[in-house]
Amino acid sequence: MDNRQRKSKLVVGCGYLGNRVARRWLASGCQVTVVTRHEARAAEFAAVGLRPIVADVTRPETLRPLSEQPAFKTVLFAVGYDPSSQSSRHQVYAEGLAAVLDSLPSSVAKLLFVSSTGVYGQTDGRLVDEDSPVEPVREAGQAFLTAEKLLAAHPLGNRSIILRLAGLYGPGRIPRRADLLAGRPIVATDHGLVNLIHVDDAAEVVLAAEARAVAPRTYLVADGHPVARREYYGHLAQLLGIPSPCFTEPRCDSRLAERGGSDKRVSNARMIRELGVQLRYPSYREGLAAILAAEEDGH
């Protein structure tokens, strides 16, 4: 086995986060296989030196090539949910993870599972950490928690790291920016906190977890500076140089109202202490400013 095989990685879900991790592993000299559902994306990945497999976690028969690979030392499961798909979140996160676990070779030394802080259902603004009760009320959080339990019961569970991510933002992904620029009212509750993590910092956490975390272990991945929803949008408007937004309350039966019911402060203390991560963007303020400044420089 050559050195690249010893450093062989698999990324299942090579999207907004997974793509960044895959390219960093590739740049460090690793052999990186990526799973994507799309032929066009597979060609793009191959062009930069990644090894694509076209497969879908909701179709277990397409995952057979995984078991035919010579070795994977590290696996990252970072599958995102496509609202336009015909699959439920449970099918993607829980059943999809189960299908991947059934298809992996025995060579896997560590599995990194990207979960969500949505597994917490607290609504009173309290601080939550890895030992806080998990009682998700939303479909996504319930699906992630089911997946976590499934992983814990699997033989790979003792070699796994669970990363519960706060809301991802970064280049090309600034929530509600288009609405603000168009002057449309922002539908947001007048209470509740948003917990965030810049995608580049999240990628660094993944790399640190692979290198330093002792499995099994769970980490909350957030910048540690939660912000009130309306305060976030107001600050973004200020950075964009536009008037402060008008707000409306979501309908009580809407998904936004359900999301707005969540109110918690996510602690990143274990992540900082054990993984030694130094966040490049310690809050949304630095993150948003950097994104907008890069866009301005690019023009």
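What you are looking at is a predicted structure, and each value in this text was computed from that prediction instead of being measured. Numbers here are sequence positions counted from 1.
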Heavy-atom closest contact (A42 atom, V54 atom, distance): CB-CG2, 3.7 Å
For E95, check salt bridge (Lys or Arg N to Asp or Glu O under 4.0 Å) against everything at least two apart and list the hits. none
Looking only at heavy atoms, the pair that brings A147 and A94 closest together is CB-CA, 3.9 Å
Tell me, yes or no, whether the heavy-atom count around E68 atom CD, taken from other residues, nucleotides or ligands under 6.0 Å, exceeds 12. yes
Let me see the working for R37 and D82 under salt bridge (Lys or Arg N to Asp or Glu O under 4.0 Å), right down to the final yes or no. CA-CA 11 Å; R37 293 184 299 147; D82 180 0; 3.3 Å; yes
Check ion pair D200-R24 (N to O, under 4.0 angstrom): yes
Any side-chain heavy atom of K264 sitting closer than 4.5 Å to one from T117? yes
Note: V11 and A22 closest approach over all heavy atoms is CG2-CB, 4.0 Å
Of all residues at least two apart in sequence or in a different chain, which pass the side-chain hydrogen bond (donor to acceptor under 3.5 Å, both in side chains) check with D56? T58
Pairwise salt bridge (Lys or Arg N to Asp or Glu O under 4.0 Å) hits with a residue in residues 146-161, at least two apart: E148-R164
So, the side chain of K110 versus the backbone of E210: is there a donor-acceptor pair under 3.5 Å, distance only? yes
For S107 and A71, which heavy atoms make the closest approach, and how far apart are they? OG-CA, 3.3 Å
Are E231 and R285 within salt-bridge range, i.e. N to O under 4.0 Å? yes
For E44, give me all partners under salt bridge (Lys or Arg N to Asp or Glu O under 4.0 Å), at least two apart in sequence or on another chain. R41
Under 4.5 Å side-chain heavy-atom separation, chaining through any Ile, Leu, Val, Met, Phe, Trp or Tyr, what else clusters with L239? Say none if it is isolated. Y169, I174, L180, L181, I186, V194, L196, V227, Y232, Y233, L236, L240, I242, F247, Y281, Y284, L288, I291, L292
Run the side-chain contact (heavy atoms from CB on, under 4.5 Å) check on F113 and L97 step by step: do they pass? CA-CA 9 Å; F113 176 63; L97 175 63; 4.0 Å; yes
Going from CG on N268 to CG on L279, what distance comes out if it is rounded to the nearest 0.5 angstrom? 6.5 Å
For residues 7-37, the ring-ring contact (aromatic ring centres under 6.0 Å, His included) pairs (sequence neighbours left out) are none
Do L193 and I197 sit in the same hydrophobic cluster, where Ile, Leu, Val, Met, Phe, Trp and Tyr count as joined when their side-chain heavy atoms come under 4.5 Å apart? no
Qualifying residues under side-chain hydrogen bond (donor to acceptor under 3.5 Å, both in side chains), relative to E249, sequence neighbours excluded: R230
Closest non-hydrogen atoms of P226 and D223, given as atom of the first, atom of the second and distance, are N-OD1, 4.5 Å
Side chain to side chain, L76 and L10, heavy atoms closer than 4.5 Å: no
Flag, side chain of T218 to backbone of E130, donor-acceptor distance under 3.5 Å: no
Where do H198 and E286 land on the side-chain contact (heavy atoms from CB on, under 4.5 Å) test, with the steps shown first? CA-CA 10 Å; H198 191 287; E286 293 86 354; over 6 Å; no
With sequence neighbours left out, what residues match D201 under salt bridge (Lys or Arg N to Asp or Glu O under 4.0 Å)? none
Partner residues of H90 under the side-chain hydrogen bond (donor to acceptor under 3.5 Å, both in side chains) criterion, sequence neighbours left out: none
Return yes when atom CZ of R64 has more than 12 non-hydrogen atoms of other residues, nucleotides or ligands closer than 6.0 Å, and no otherwise. no
Does CD in E61 sit with more than 12 non-hydrogen atoms of other residues, nucleotides or ligands closer than 6.0 Å? yes
Under a 4.5 Å cut-off applied to non-hydrogen side-chain atoms, are K9 and V34 in contact? no
Please test I162 against L151 for side-chain contact (heavy atoms from CB on, under 4.5 Å), starting from the C-alpha separation and ending with a verdict. CA-CA 9 Å; I162 293 173; L151 179 57; 4.2 Å; yes
So the ring-ring contact (aromatic ring centres under 6.0 Å, His included) pairs with at least one residue in residues 34-53 (sequence neighbours excluded) are none
So CG of L63 and CD1 of I53: to nearest 0.5 Å the spacing works out to 9.0 Å
To the nearest 0.5 Å, atom CG of D129 lies from atom CE of M271 at 13.5 Å
Check whether any side-chain heavy atom of L168 lies under 4.5 Å from a side-chain heavy atom of L165, and answer yes or no. yes
Could you check if a side-chain atom of Y120 sits within less than 4.5 angstrom of a side-chain atom of S132, using non-hydrogen atoms only? yes
Validation row: V199, P171 side chains within 4.5 angstrom (heavy atoms): yes
Partner set under side-chain hydrogen bond (donor to acceptor under 3.5 Å, both in side chains) for R280, not counting sequence neighbours: none
The test is side-chain contact (heavy atoms from CB on, under 4.5 Å); show your working for C14 and T36 and say whether it passes. CA-CA 6 Å; C14 200; T36 178; 5.5 Å; no
Between R126 and D263, does any NZ, NE, NH1 or NH2 come within less than 4.0 Å of an OD or OE carboxylate oxygen? no
Where is the tightest heavy-atom contact between S244 and A237, given as atom of each residue plus distance? CA-CB, 4.4 Å
If I take atom CG from residue L104 and atom CG from residue L101, how far apart are they, to the nearest 0.5 angstrom? 6.0 Å
same_hphob_cluster(V21, V48) at 4.5 Å side-chain heavy-atom cutoff: yes
Check: V277 and Y219 side chains under 4.5 Å, non-hydrogen atoms: no
Which residues pass the salt bridge (Lys or Arg N to Asp or Glu O under 4.0 Å) test with R212, sequence neighbours left out? none
Backbone N/O of S28 and side chain of K7: donor-acceptor pair under 3.5 Å: yes
Separation between CG of L145 and OG of S115, rounded to the nearest 0.5 Å: 7.5 Å
Compare all side-chain heavy atoms of I161 with those of L111 and state whether any distance is below 4.5 angstrom. no
Rounded to the nearest 0.5 angstrom, the CD-OH distance for E139 and Y93 is 9.0 Å
